[in-house]
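Following: one structure in structure tokens, then a few remarks.
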Amino acid sequence: MTTNPSSSARKAQEALGIRLRDLRMDAGLTGRELAAATGWHFTRISKLEHGVQTPTDQDIRTWCAACRAEDQTADLIVQSRAVTSMYMEWRRRTRAGMKQLMLSGVPLYERTKRFRIYELNVIPGLFQTADYARAMLAVWIEFLEAHDDLDAAVAAKMARQSVIYDGTKTFAVLLEEASLRTWSGNGHTMLAQLDRLLSVMTLPNVSLGILPAMIERQAVGSAGFWIFDETSVALETPTASIEVTQPQEIGLYARMFEQMSRAAVYGREARAIIIRVQSEIDESN
């Protein structure tokens, strides 16, 4: 089993298109008849119904009026806005700098009680050292051509780590071994980061599992993901963040997390892998 980070947003848009098509069919209208009633080109009807385009609020009002389904307008607008919010482009969100992006996650972190975190090739932000975070954010600022507010962004990222010391919250974290070996910064930065990881492992509300590189397993993730309670899943691609809120899909991510958890090593075995990677870094320096 693998995950596809863009599939959730795509499926949500397709589901919205199906609802619009059902309204048209319930009204007894063909695509061309609805196009005539709305004043649109008939190809636009097809694009909206197949999820190729996301309708505006006014599009939905016009569609519902033509289908004599005004009672569905408000609900469809809410669904459409949810689709739009699921896929948020990094370049748009970072125009004013990275600090605000770091701060935007704080309310979600504060209200979440149970975190389940899986990462492929990075250390989760909640466990990063300032130097590791600085090296990573510097890369993204350059890549996204964002406003350079690196110092403020690092400070904001460090400040939101306070949630891991809240005893009412739990953190189940799965890291691929590759995340320990993928450098952000230089060797000294990575050694300090792995020391930080060893320290965080001792917190009573943190469970840290390492997925060894060469093991047989039931599930393989194609992108890191964070599950917040039972309410949402967040994924990140190089160009956008994706939010999953459909209960059925959240359940699938939870199932994948559980399957990968069974393949992970914990405690002494996990610490041994981290220490071995530290030794390799020491030798390479």
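Nothing here was measured: the structure is a model prediction, and the numbers come from that model.
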Measure the spacing between [atom1] of [X] and [atom2] of [Y] and express it to the nearest 0.5 Å.
X: Tyr165; Y: Leu126; atom1: OH; atom2: CG; answer: 10.0 Å
X: Arg134; Y: Ile141; atom1: CZ; atom2: CD1; answer: 9.0 Å
X: Leu175; Y: Ile117; atom1: CG; atom2: CD1; answer: 9.0 Å
X: Glu269; Y: Ile274; atom1: CD; atom2: CD1; answer: 12.5 Å
X: Leu23; Y: Thr73; atom1: CG; atom2: OG1; answer: 8.5 Å
X: Leu34; Y: Ile45; atom1: CG; atom2: CD1; answer: 4.0 Å

Within the side chain of [X], is there an N or O that forms a donor-acceptor pair under 3.5 Å with the backbone of [Y]?
X: Asp229; Y: Arg114; answer: yes
X: Ser80; Y: Leu76; answer: no
X: Asn186; Y: Thr189; answer: yes
X: Thr182; Y: Ala178; answer: yes
X: Asn205; Y: Phe171; answer: no

Inset, instruction - Anything under 30° is parallel, anything over 60° is perpendicular, the rest tilted; go ahead and classify Trp63 against Trp40. - result: tilted
Inset, instruction - Please work out which of the three classes, parallel, tilted or perpendicular, describes the rings of Tyr109 and Trp226, given edges at 30° and 60°. - result: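 Parallel.
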If we only count heavy atoms from C-beta on, is the [X] to [Y] side-chain gap below 4.5 Å?
X: Ile273; Y: Glu177; answer: yes
X: Ile281; Y: Leu194; answer: yes
X: Val277; Y: Arg181; answer: yes
X: Val173; Y: Pro124; answer: yes
X: Tyr118; Y: Leu235; answer: no

Inset, instruction - Apply the side chain to side chain donor-acceptor pair (under 3.5 Å) test between Gln218 and each candidate in Gln259, Glu258, Arg255, Arg262; give the one that qualifies. - result: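 Option passing the side chain to side chain donor-acceptor pair (under 3.5 Å) with Gln218: Arg262.
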Inset, instruction - With Gln128 as reference, evaluate Gln193, Lys157, Gln161 under the side chain to side chain donor-acceptor pair (under 3.5 Å) test and give the passing residue. - result: Lys157
Legend entry - Within 45° cone of Phe42 ring axis and under 6.0 Å: Arg32 NZ or CZ: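 Here Arg32 passes the 6.0 Å and 45° test against Phe42.
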Inset, instruction - Decide whether Lys113 and Thr168 meet the rule of one side-chain donor and one side-chain acceptor closer than 3.5 Å. - result: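 A pair is found: one side chain offers a donor N or O, the other an acceptor, under 3.5 Å apart.
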Inset, instruction - Return yes if a side-chain donor-acceptor contact under 3.5 Å exists between Asp59 and Thr56, otherwise no. - result: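 Thr56 and Asp59 do have a side-chain donor-acceptor pair below 3.5 Å.
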Legend entry - Steps toward side chain to side chain donor-acceptor pair (under 3.5 Å) verdict (Gln13, Thr54): CA-CA 7 Å; Gln13 189 156 318; Thr54 301; 2.7 Å; yes
Legend entry - Residue that, paired with Glu49, satisfies salt bridge (charged side-chain N to carboxylate O under 4.0 Å, His left out) out of Arg24, Arg44, Arg21: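 Single salt bridge (charged side-chain N to carboxylate O under 4.0 Å, His left out) partner of Glu49 among Arg24, Arg44, Arg21: Arg24.
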Legend entry - Shortest non-hydrogen contact between Tyr132 and Met190, atoms and distance: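 For Tyr132 versus Met190, the nearest heavy atoms are CE1-SD, 3.7 Å.
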Legend entry - Least distance between heavy atoms, Gly267 atom then Met201 atom: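 Nearest heavy atoms, Gly267 then Met201: O-CE, 3.9 Å.
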Inset, instruction - Decide yes or no on salt bridge (charged side-chain N to carboxylate O under 4.0 Å, His left out) for Glu176 and Arg217, but give the supporting numbers first. - result: CA-CA 12 Å; Glu176 296 284 353; Arg217 54 204 291 181; 2.7 Å; yes
Inset, instruction - Could you walk me through whether Glu110 and Arg160 pass salt bridge (charged side-chain N to carboxylate O under 4.0 Å, His left out), step by step? - result: CA-CA 9 Å; Glu110 289 180 343; Arg160 68 183 189 180; over 6 Å; no
Inset, instruction - State plainly whether one hydrophobic cluster holds both Leu203 and Ile123, where clusters connect Ile, Leu, Val, Met, Phe, Trp and Tyr through side-chain heavy atoms under 4.5 angstrom apart. - result: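 In one cluster: yes.
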Legend entry - NZ (Lys169) with more than 12 external heavy atoms under 6.0 Å: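 More than 12 heavy atoms, drawn from other residues, nucleotides or ligands, come within 6.0 Å of this atom.
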Inset, instruction - Step by step, work out the salt bridge (charged side-chain N to carboxylate O under 4.0 Å, His left out) result for Asp75 and Arg19. - result: CA-CA 11 Å; Asp75 187 54; Arg19 285 193 65 186; 2.8 Å; yes
Legend entry - side chain to side chain donor-acceptor pair (under 3.5 Å) evaluation trace for Asp195 with Gln278: CA-CA 9 Å; Asp195 271 339; Gln278 284 184 310; 2.9 Å; yes
Inset, instruction - Begin with the C-alpha distance, continue with both residues' side-chain angles, and end with the deciding distance and a verdict on side chain to side chain donor-acceptor pair (under 3.5 Å) for Asp282 and Ser279. - result: CA-CA 5 Å; Asp282 256 335; Ser279 297; 5.9 Å; no
